[in-house]
Amino acid sequence: MESQISPADILNAIKRRRKSALIAFFIVLVASLSYALFAAPTYRSSATILIEQQEIPQDLVRSTVTSFADQRIQMTIQRVMTFAKLSQLIKKYDLYPEEREKEPLELVVEMMREDINHRMISAEVVDPRSGRPMEATIAFNIAYNSESAKTAQTVANELTSLFLKENIKNRTEMAEEAESFLSAEVVRLRNKSQDLEQKLSDFKEKNLRKLPELTTLNLNLMDRAEREYSELSRQIKALEERKVYLESQLNQQSPHANTVGDGSQSVLTPEARAKLLQNRYISLLAKYSEKHPDVVKTKRQLDNLLQEVEIPNDSRFISQQTEIYRAQMSKLLTKYDSEHPDVKSLASVIKTFEQQLVDLEISAEYENDDADNPAYVQLAASLEAAKVELLHLKASQTKVKKKLDELEISLLESPNVEREYRSLARDYENTARKYQEVKAKQLEASLAMSLEQERKGERFTLIEPPLLPVKPVKPNRILIAVAGVVMSFVMAGGLILLLEKVDQTIRSGRALQQFTGAPPLAVIPHIVTLEEVTARKRMTILLLGLSLAGVVGVTMAVHYAFMPLDVLWYVALRKLG
Amino acid sequence: MERIKEAIERAADKRDEHKAPSYAGVPKQQRPFQAISSSGEISDKINYPISYLNTQIHHVDDTWLKKNRVLHGGSEPEIISAYKLLRTQVLQKMNANNWKSLAVISARSGQGSTLTAVNLAISIAMEYRHTTLLADFNLKAPQVHRYFNYEPTIGLSDYLLHDAPVNDMLFNPGIESLVVLPGREAFDDSSERLMSPSVRGLVDDMVHRYKSRLVIFDLPPLLESDDTVAFLDQFDAGLLVVEECKTTKSDILRMSELLGDKPILGTLLNNASG
């Protein structure tokens, strides 16, 4: 890098490179000026859409459309800018005719997308909840660029109305979806709730006594039952003692009056007498053989008595007597055969007694009237009574025991039952509550749906419809022309710089000094010859003449072939101004 | 050496046949030539009468000189003063080091070495204390004579080929104290020739003949042939000619590489526009 570049060096550099610099300069200049003059204009028509807040306060009716405005706008724009919709527009208004011939439709649609611009307009607002300033989108702008002003307006119009329609469709769809979802949930929850209710009552029925509410009662019952049981046990014990006592007493008594041992004399009924004789006979037979005179005497007394009087209605007596006769019969049969008249008579007596027994057994069941000893009878009666009561008590006790066992089981199972019961109850409560909640939400959602359907929700309103553009938005011709001039200088300058940089020759005495370390001994300037001077003069004249001719020629050509000059002047003025 | 002597003696024989030029009245110390004594010794003193009986005088038209950018009385003052500056420094350095011969060297052809040699020689000759011999040793393409609009009948090539007498080749282009030894034909084997003993002898003669004589050699461009490198040890110092916007830095580097330790008086920026 050269350390100091004097103005002389710069001038020299320019002089040296003037040819290339001039060429660059003119190329850039001509290019930019032609672009400035002849570039196709782009017209732009735009619509401004205001985002109006919901009329009905949010506290009263909450909207189900919950995304941010920006997001919704973007989404709606995407829905409008689909291939289907845009290609429809292209065909309807015959847009991009040349491009459609050369390029596939997808590319043309893509070009159209680039010609569609949208922009959010936001304002600083204060967030009502937090009090902090924030940016909120309050409106947005949708625009279309085209080479023709009319087309720009028409297409912008179409796009705007497409956009607004899509938005409305979108919103109602969202609200309806929310509402139907919630309705379905309501139904589901209601069914579930009913199921659980049913389950709960079934359970209650099944586990009636084990229900936790009855625990206290059950405890009380159990307490009472236990006391009853012990009371009964006590009574039973007492009664059994009494029974034993009575039995022992009874054993000491004879069922018949005056038949205890010998000696006691009293008037006996024939029945009593028969029983007495029988007993005596049996006891004598136990001691002596039947041939004994006492035995024979007793036997004869008994037989005679029995022939005279009725047979006593005492089954015991009868059966005993039958036994006696049967014993006699067997004895007889050892001596005589069955045809012997003694045998026959005895046999008939046996028969009679047997029959009597049968009859007695059929007819009289509970008559216990064979005992005639009043003490005996009383004792027997008391014993019977005690026995009966004992049976009753025992039965009661069994019942109470059973009840006690049942209560115990109930109490033991109660906690499990309680747990299951509580969980069922809880499920049911939860479902019921949820159902209430969802029902409330569904109501809200259906309100919101009505809100959308009546267009009372957040709305997009067109406040500035697309106008017919008068001036093109591009290109800014004056700016381009000025920029073009500047660029020409810059390019020329840049080219000079570049050439100088690239140039490896020595271009000045100082450069030579820098390179060799010592200044040159002398610097010989260019020696001009006469021929050079004249040649240069000639060249200048020639160039001037040519340029003049060129300018004239171009002007004429433009005037006659392209556009008359005065017209061109006005066109240029219009375009530039 | 021998040949020159013979040549000069032969020339001396013809001396009387020629008319003395108008320089006869020039004071001794200003006369460029000193006759070699018959003994053949080189004399230190400028005692002998100097005569241009040996050299022809060839006047050049001013228009020719102008056209070919040759320095002359009617040149632009800035040109004259530029060359004066060059001349002064060159002479200073040559005298300080007791150098007698100078080669004007450029990198490539067309960069002005021949013109510089010519103009430097003329500039030095104008201050005619110093006699200058401008020798065209560019055996590949002799150019010097053209600047003077002179067509030599015999030149250096004839000496090399046929032993022609050098004295007869010399001419004076109408400028005091300047004698030119032209080329004539070109050689292919120029560098070999330059290293030949005959050339060495001639150079030796030229340099040592007169004390105050300065010899300026014109040689082919350094980077386009090996002539100059071959001739390197036959001249005392070099002068590098650099043409503005033509000579590249790499060429300069290469030149310095080739020249090695050879004393270089300095550089000259030629054809400058600033």
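Given the structure is predicted, the values throughout are model-derived calculations rather than measurements. Note on naming: letters A, B, ... go to the chains in the order of the sequence lines (proteins, then strands), and numbering restarts at 1 for each one.
Side chains of A/Pro525 and B/Ile79 form a contact here, defined as non-hydrogen atoms less than 4.5 Å apart. No side-chain heavy atom of B/Thr248 sits under 4.5 Å from any side-chain heavy atom of A/Asp503. For the pair B/Val242 and A/Ile506, the minimum side-chain heavy-atom distance is below 4.5 Å. Using a 4.5 Å heavy-atom threshold, the side chains of B/Asn119 and A/Ile527 count as touching.
Atom CZ of A/Phe515 sits in a crowded spot, with more than 12 heavy atoms from other residues, nucleotides or ligands closer than 6.0 Å. The number of heavy atoms from other shown groups lying within 6.0 Å of OH (A/Tyr35) does not exceed 12. Counting heavy atoms of neighbouring residues, nucleotides and ligands inside a 6.0 Å radius, atom CZ of A/Arg536 does not exceed 12 of them. Summarising the local packing, CD of A/Glu147 is surrounded by 12 or fewer heavy atoms from other residues, nucleotides or ligands at distances under 6.0 Å. No more than 12 heavy atoms of other residues, nucleotides or ligands sit less than 6.0 Å from atom NZ of B/Lys84.
With a threshold of 4.5 angstrom between heavy atoms, B/Lys246 approaches chain A through N, CA, C or O but not through any side-chain atom. Neither the backbone nor the side chain of A/Gln513 has a heavy atom closer than 4.5 Å to any heavy atom of chain B. Heavy atoms of A/Leu512 lying under 4.5 Å from chain B belong exclusively to its side chain. Looking at B/Lys93, the atoms closer than 4.5 Å to chain A (heavy atoms on both sides) all sit in the side chain, from C-beta outward. Contact annotation for B/Asp251: neither backbone nor side-chain heavy atoms come within less than 4.5 Å of a heavy atom of chain A.
The CD atom of B/Glu76 sits 11.5 Å away from the NE2 atom of A/His526 when rounded to the nearest 0.5 Å. With values rounded to the nearest 0.5 angstrom, A/Ile524 atom CD1 is found 12.0 Å from B/Glu243 atom CD.
Residues of residues 261-271 of chain B having a heavy atom under 4.5 Å from any heavy atom of chain A, listed by number: B/Leu265, B/Gly266, B/Thr267, B/Leu268, B/Leu269, B/Asn270, B/Asn271. Proximity to chain A among residues 218-239 of chain B is limited to B/Leu239, judged by heavy-atom separations below 4.5 angstrom. Of residues 482-500 of chain A, no residue lies under 4.5 Å from chain B by any heavy-atom pair.
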Q) Does the side-chain contact (heavy atoms from CB on, under 4.5 Å) test come out yes or no for A/Val523 and B/Glu244, once each step is laid out? A) CA-CA 10 Å; A/Val523 174; B/Glu244 196 190 70; over 6 Å; no
Q: Dump the intermediate steps for side-chain contact (heavy atoms from CB on, under 4.5 Å) on B/Gln89 and A/Leu521, then the final yes or no.
A: CA-CA 7 Å; B/Gln89 293 181 83; A/Leu521 297 178; 3.6 Å; yes
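Taking chain B as the reference chain and counting heavy-atom pairs below 4.5 Å, the highest number among A/Pro519, A/Ser508, A/Gly509, A/Ala8 is found for A/Ser508. Between chain A and the residues B/Ser81, B/Cys245, B/Gly112, the most heavy-atom pairs under 4.5 angstrom are made by B/Cys245.
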Show me, pair by pair, the donor-acceptor contacts under 3.5 angstrom made by side chains of residues 541-554 of chain A, not counting sequence neighbours?
residue  : atom : partner  : partner atom : Å
A/Ser547 : OG   : A/Leu543 : O            : 2.4
A/Ser547 : OG   : A/Leu544 : O            : 3.4

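What you find for A/Thr529 and B/Arg69 is that their closest heavy atoms are CG2-NH1, 3.6 Å.
Between B/Lys66 and A/Glu531 there is no salt bridge, since none of the side-chain N atoms of the basic residue sits less than 4.0 Å from a carboxylate O of the acidic one.
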